[in-house]
Protein chains: 2
Amino acid sequence: MFIEIEANSSVPIYLQLVQQIIEGLAKGSLKPGDSLPSVRAFAADLGMNMHTVNKAYHYLEEKEFIRIVQKKGVVIHAKGIREASAADRNRLKQELRPIVAEALCLQMSQEEIKLLVKEIITDLKEKSL
Amino acid sequence: MFIEIEANSSVPIYLQLVQQIIEGLAKGSLKPGDSLPSVRAFAADLGMNMHTVNKAYHYLEEKEFIRIVQKKGVVIHAKGIREASAADRNRLKQELRPIVAEALCLQMSQEEIKLLVKEIITDLKEKSL
DNA sequence: AGTTTTGTTATACATATAATAGAACAGGTT
DNA sequence: AACCTGTTCTATTATATGTATAACAAAACT
């Protein structure tokens with residue numbers, strides 16, 4: 001897992017961490033059962049505060065991507081990541097909506113937007129090599 | 001233009017306003033040259049502060065979707081919305097990326113994600129009737 | 001048994017963003 | 001002349017973000 005945090009991003013660094021861990025899961029560099037660094041070790045490694053890492057971990061736990069075991073550590077959900085529920089699907093749709101709308105405003109076609117999606121998936125998977 | 005603002009959303013209300021204006025543009029209920037309400041009138045209509053509407057307007061002006069004419073008012077960019085530049089395309093890609101990654105984690109396929117995009121576009125366009 | 005490591009909790013502080021409020025200004029419209 | 005426009009200014013409140021220490025209890029390691 002190579003994590004790169006941009007300090008000057010408008011995206012909060014705890015969310016950047018969340019997103020990059022999710023990307024690690026998507027590309028397969030993180031697998032079910034894998035353990036993640038302790039909040040202190042990760043914080044020192046990334047040059048951020050322990051509480052910031054903790055915030056990211058709890059965010060990921062709420063999404064059921066990781067399991068936080070008291071006094072032990074943090075692991076990727078072992079029983080396999082669940083399939084998208086109807087609620088997940090709807091939430092993702094709501095998140096995609098404003099971006100798709102903006103793309104349409106910039107005169108992109110449905111096919112061009114789908115191509116973006118394809119490119120993103122390619123990018124995500126090729127980095128796992 | 002029917003605007004609905006959710007007070008309890010985690011999305012700031014000035015951004016909700018931005019997004020719904022962009023959706024109006026995407027679906028065609030707002031056309032190039034159309035004028036938007038004054039900051040005071042819109043604020044009163046939506047039950048929010050003048051400065052909040054102003055913030056949304058300036059956000060949209062930076063994106064070049066509207067033109068703010070001093071002492072006159074606000075209009076949708078008349079010379080037609082520009083086509084997506086390479087920079088726009090890249091920015092949209094970066095915004096889509098974390099959502100697509102999460103969808104992949106929830107075991108959605110590329111086709112399922114593309115279907116989401118299709119549904120969103122259908123939703124956007126059917127509301128223009 | 002003792003030390004280290006784990007996530008947790010509590011307090012405190014600094015900064016930025018979001019949102020509201022009221023007032024005043026200058027230029028355009030009616 | 002009255003009104004409406006976006007702008008600017010000052011102020012206040014609330015929330016989000018991020019850091020900094022410190023202490024706690026239980027698991028793990030030696």
Side-chain angles (χ1 to χ4, degrees), chain A residues 1 3-22 30 33-78 95 98, chain B residues 1 3-22 30 33-78 95 98:
Chain A
M1 275 298 291
I3 306 270
E4 282 187 22
I5 303 294
E6 283 185 70
N8 293 339
S9 168
S10 64
V11 181
I13 60 179
Y14 84 93
L15 268 187
Q16 291 184 49
L17 181 53
V18 163
Q19 289 171 358
Q20 294 198 35
I21 290 173
I22 291 180
L30 284 177
D34 284 358
S35 62
L36 289 173
S38 75
V39 287
R40 288 175 181 85
F42 218 171
D45 189 29
L46 299 173
M48 65 176 66
N49 193 274
M50 176 187 65
H51 301 300
T52 308
V53 175
N54 201 243
K55 190 171 181 177
Y57 277 173
H58 279 272
Y59 191 94
L60 287 164
E61 194 186 33
E62 244 190 57
K63 284 187 179 289
E64 296 182 39
F65 286 136
I66 67 175
R67 208 159 43 90
I68 302 177
V69 185
Q70 305 269 6
K71 324 293 173 185
K72 289 186 69 177
V74 177
V75 295
I76 306 296
H77 243 274
E95 291 176 17
Chain B
M1 278 297 291
I3 306 270
E4 283 186 22
I5 303 294
E6 284 184 69
N8 293 339
S9 168
S10 64
V11 180
I13 61 179
Y14 85 94
L15 268 188
Q16 291 184 49
L17 181 53
V18 163
Q19 290 170 359
Q20 294 198 36
I21 290 174
I22 290 179
L30 285 176
D34 283 359
S35 62
L36 289 173
S38 75
V39 287
R40 287 174 181 84
F42 218 172
D45 188 29
L46 299 173
M48 65 177 64
N49 193 275
M50 175 188 65
H51 300 299
T52 307
V53 175
N54 201 244
K55 190 172 182 176
Y57 278 174
H58 280 272
Y59 191 94
L60 286 164
E61 194 187 34
E62 244 189 57
K63 283 187 179 290
E64 295 182 39
F65 287 136
I66 67 174
R67 207 156 45 89
I68 302 177
V69 186
Q70 305 270 8
K71 326 292 174 188
K72 290 186 70 176
V74 176
V75 296
I76 307 296
H77 244 272
E95 291 176 17

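Just so we're on the same page: letters track the sequence lines, and every chain starts at 1.
- For the pair Tyr59(B) OH and dT17(C) P, the interatomic distance rounds to 13 Å; values are reported in whole Å.
- For Thr52(B), the side-chain atoms get nearest to dT20(C) when compared with the rest of dT19(D), dT20(C), dT7(D).
- When the P atom of dC4(D) is taken as reference, atom CZ of Phe42(B) falls 18 Å away, rounded to whole Å.
- Comparing Lys71(A) and His51(A) by the nucleotide of DNA chain C whose heavy atom lies nearest to each, the residue mapping closer to the 5' end is Lys71(A).
- Going from atom CD1 of Ile5(A) over to atom P of dT19(D) covers 10 Å, rounded to whole Å.
- Between Gln16(B) and Ile13(B), the closest side-chain pair of non-hydrogen atoms falls below 4.5 Å.
- Going from atom NE2 of His58(A) over to atom P of dT17(D) covers 15 Å, rounded to whole Å.
- Closest of all the heavy-atom pairs between Ile21(B) and Leu30(B) is O-CD1, 3.7 Å.
- Candidate nucleotides dT20(C), dT17(D), dG7(C) were compared by shortest atom distance to the side chain of Ser38(A), and dG7(C) ranks first.
- You'll find that the side chain of Arg40(A) is closest to dA23(D), out of dT17(D), dC25(C), dA23(D).
- Note that the CG atom of Leu17(B) and the CD1 atom of Ile22(B) stand 10.0 Å from one another [nearest 0.5 Å].
- Atom C1' of nucleotide dG6(D) and atom CG of Leu60(B) are separated by 15 Å, given to the nearest angstrom.
- Minimum interatomic distance between Met48(A) and Ile5(A) (heavy atoms only, all atoms of both residues): CE-CG1, 3.9 Å.
- Within the nucleic acid shown, Met50(A) comes within 4.0 Å of at least one base atom, counting heavy atoms only.
- The CD-C1' distance, from Glu61(A) to dT8(C), rounds to 12 Å in whole Å.
- Look at CE on Met48(A): it is 20 Å from P on dT15(C), rounded to the nearest Å.
- Relative orientation of the Tyr57(A) and Phe42(A) rings is tilted, given thresholds of 30° and 60° on the angle between their planes.
- Between Asn54(A) atom CG and dT19(D) atom P the separation is 13 Å, expressed in whole Å.
- Applying the 4.0 Å criterion to OP1 and OP2 of dA19(C), one finds that Tyr14(B) has every side-chain N and O outside that range.
- At least one side-chain nitrogen or oxygen of Lys72(A) sits closer than 4.0 Å to the OP1 or OP2 atom of dA28(D).
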